[in-house]
Amino acid sequence: MQLLDGKIASRAVKEQLKAKVDKIIASGARPPHLAVILVGNNGASETYVASKVKTCAEIGYQSTEIRREVDITEADLLSEIQKLNNDVSVDGILVQLPLPKHIDEKKVIAAIDPAKDVDGFHPVSAGNLTLGMPTFIPATPYGIMLMLEHYNISTKGKHAVVIGRSNIVGRPMSILLSTNNPYGNCTVTLCHSHTPNLEEICLQADIVVAALGRPGFVKAEMVKEGAIIIDVGITRVEDATAKKGFRIKGDVDFDAVAPKASFITPVPGGVGLMTIAGLLQNTLVAYEKRQQA
Ligand SMILES: NC(=O)c1ccc[n+]([C@@H]2O[C@H](COP(=O)([O-])OP(=O)(O)OC[C@H]3O[C@@H](n4cnc5c(N)ncnc54)[C@H](OP(=O)(O)O)[C@@H]3O)[C@@H](O)[C@H]2O)c1
């Protein structure tokens with residue numbers, strides 16, 4: 001079994017990005033600029049935003065964090081987005097999800113200028129992805145593709161089972177793995193909560209991508225010998241012995257599954273770190289396109 005280490009793979013991506021940004025700055029141009037909107041004070045969202053902002057600084061991007069109260073109206077949030085759409089110094093806009101219940105996430109995502117949609121959630125980005133056109137790929141599936149590329153994992157002709165069909169992880173992941181690209185060309189089965197015989201389907205998988213948000217869901221008896229296991233799940237599980245009172249758990253029962261796997265991502269330290277790498281890669285693309293426009 002080989003660990004697919006998000007620290008190593010994301011460091012490699014960040015080093016490449018930093019080298020590009022260093023060149024941009026040395027040429028006298030401004031660096032790429034990511035704007036992040038955080039509504040309210042959800043603990044997990046705070047952590048994600050802090051880590052995105054910190055990584056921007058590490059590689060030389062400019063970042064702006066815009067914090068708004070949990071009771072901001074939908075109209076005010078839409079107007080914040082409009083301001084960022086019109087701001088020529090901003091290349092990428094990210095609205096940290098989830099949003100409070102009174103705000104329509106779909107409306108907010110659709111309000112982002114598709115040219116600045118570095119999270120890849122806008123309908124235009126999703127449509128382009130489906131058609132195999134160049135686009136912003138949602139950061140988590142993109143990060144997984146970067147991980148496969150870093151470890152040069154052969155995917156062609158393999159049967160990939162993706163568990164979870166969300167617009168941000170499972171569905172775009174299933175599209176990427178089925179697309180004709182160097183780390184695609186899989187035969188893909190996309191599973192969800194209405195899939196019967198999930199265990200049998202998983203047992204046929206050469207690659208399992210678990211993205212359902214159920215800690216420890218994928219057990220050893222669901223996995224065939226030598227399978228490649230990608231664990232996307234991040235759930236905070238109460239743990240009185242942990243400093244923060246919780247531990248992060250993935251969707252795979254790591255200790256039991258790892259001995260059967262050929263490759264496996266840990267949680268934490270796997271896909272989560274690659275998600276940021278995907279986001280920063282998208283931000284550079286947005287910057288370059290806007291410079292050329
Ligand atoms: N590592 C990262 O950077 C990263 C990024 C994003 C998300 N995540 C994590 O990834 C997990 C999934 O996130 P998400 O946003 O995609 O979640 P989501 O929007 O809640 O979607 C979960 C999906 O899993 C399916 N599902 C739920 N229970 C199932 C079951 N028992 N059997 C089969 N399918 C089941 C659901 O099916 P239905 O459609 O039928 O309801 C749904 O399609 C979460 O733990 C999240 O925290 C991690």
Side-chain angles (χ1 to χ4, degrees), residues 4-7 9-10 13-14 36 42-52 54-55 94-99 101 105-106 109 118-121 126 129 136-148 160-177 188-205 208-219 221-223 229-238 246-254 264-282:
L4 298 174
D5 190 327
K7 277 192 211 115
S10 69
V13 176
K14 285 190 283 183
V36 183
N42 171 294
S45 294
E46 296 253 6
T47 309
Y48 295 144
V49 167
S51 134
K52 286 164 188 172
K54 181 171 159 262
T55 316
L94 181 155
V95 179
Q96 186 63 48
L97 302 179
L99 291 170
K101 291 232 164 14
E105 279 183 5
K106 286 199 179 94
I109 290 167
V118 289
D119 240 349
F121 298 162
L129 181 69
F136 296 116
I137 302 168
T140 300
Y142 190 17
I144 294 170
M145 297 309 279
L146 293 170
M147 172 86 96
L148 295 174
V161 170
V162 179
I163 316 174
R165 59 177 166 183
S166 73
N167 291 336
I168 64 170
V169 189
R171 191 175 300 281
M173 193 69 234
S174 71
I175 293 168
L176 288 165
L177 286 171
V188 178
T189 305
L190 181 57
C191 302
H192 44 77
S193 67
H194 300 278
T195 303
N197 310 325
L198 190 57
E199 191 169 324
E200 267 169 48
I201 295 170
C202 276
L203 268 172
Q204 294 165 24
V208 176
V209 180
L212 67 160
R214 303 272 181 276
F217 180 89
V218 176
K219 307 272 183 233
E221 54 273 23
M222 295 167 69
V223 170
I229 310 292
I230 310 290
D231 189 351
V232 185
I234 295 184
T235 306
R236 289 180 171 198
V237 178
E238 267 186 47
F246 65 85
R247 270 184 310 125
I248 300 293
K249 284 214 71 178
D251 286 342
V252 175
D253 181 358
F254 184 90
I264 186 165
T265 62
V267 176
V271 172
L273 297 169
M274 297 311 294
T275 295
I276 298 187
L279 168 72
L280 298 174
Q281 186 84 48
N282 277 341

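The structure presented is a predicted model; accordingly, all values stated were derived computationally and were not measured. Counting starts at 1 for both ligands and their atoms, in listed order.
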(message) Working note: H194 + R165, criterion side chain to side chain contact (heavy atoms under 4.5 Å, CB included); need CA distance, chi angles, decisive distance, verdict.
(response) CA-CA 11 Å; H194 300 278; R165 59 177 166 183; 3.6 Å; yes
Protein heavy atom at shortest distance from [atom]:
atom	value
atom 3 (O) of ligand 1	T275 OG1, 2.7 Å
atom 15 (O) of ligand 1	I168 CD1, 3.5 Å
atom 10 (O) of ligand 1	V232 O, 3.5 Å
atom 7 (C) of ligand 1	V169 CG2, 3.9 Å
atom 23 (C) of ligand 1	G164 CA, 3.6 Å
atom 31 (N) of ligand 1	F217 CE1, 3.5 Å
atom 38 (P) of ligand 1	S193 OG, 3.5 Å
atom 44 (C) of ligand 1	G213 CA, 3.6 Å

Quick check: closest heavy atoms across [X] and [Y], and the distance to 0.1 Å?
X	Y	result
P138	L129	CD-CD2, 4.2 Å
P266	F254	CA-CE1, 4.0 Å
A210	V252	CB-CG2, 4.0 Å
P141	L176	CB-CD1, 3.6 Å
V267	G233	CG1-O, 3.5 Å
S51	I276	OG-CD1, 2.8 Å

Quick check: does [X] get an N/O under 3.5 Å from an N/O on ligand 1?
X	value
D251	no
I234	yes
H194	no

Hey, is [X] touching ligand 1 through its side chain, its backbone, both or neither, going by heavy atoms under 4.0 Å?
X	result
T140	side chain
T195	neither
L212	both

(message) Tell me if a side-chain donor or acceptor on D231 pairs with a main-chain N or O of D251 at a distance below 3.5 Å.
(response)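 Yes; at least one donor-acceptor contact below 3.5 Å.
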(request) Begin from the C-alpha positions of E199 and E221 and carry the test side chain to side chain contact (heavy atoms under 4.5 Å, CB included) through to its verdict. (result) CA-CA 8 Å; E199 191 169 324; E221 54 273 23; 4.0 Å; yes
Nearest candidate to [atom], where distance is taken over non-hydrogen atoms, out of [options]:
atom	options	result
atom 18 (P) of ligand 1	S166, P172, P215, G278	S166
atom 34 (N) of ligand 1	M173, H192, K249	H192
atom 28 (N) of ligand 1	R236, R165, R214	R214

(request) Decide yes or no on side chain to side chain contact (heavy atoms under 4.5 Å, CB included) for F217 and M222, but give the supporting numbers first. (result) CA-CA 10 Å; F217 180 89; M222 295 167 69; 3.9 Å; yes
(message) Looking at ligand 1, is there an atom of it that comes within less than 4.0 Å of some heavy atom belonging to A211?
(response)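 Yes, A211 has a heavy atom closer than 4.0 Å to ligand 1.
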(message) Atom NZ of residue position K219 - does it have more than 12 heavy atoms of other residues, nucleotides or ligands inside 6.0 Å?
(response)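 Counting other residues, nucleotides and ligands, NZ of K219 exceeds 12 neighbours.
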(request) Give the C-alpha distance, both sets of side-chain angles, the deciding distance and a yes or no for side chain to side chain contact (heavy atoms under 4.5 Å, CB included) between L4 and I264. (result) CA-CA 6 Å; L4 298 174; I264 186 165; over 6 Å; no
(message) With the threshold set strictly below 4.0 angstrom, can you tell me whether any protein non-hydrogen atom sits that near atom 20 (O) of ligand 1?
(response)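 No, there is none.
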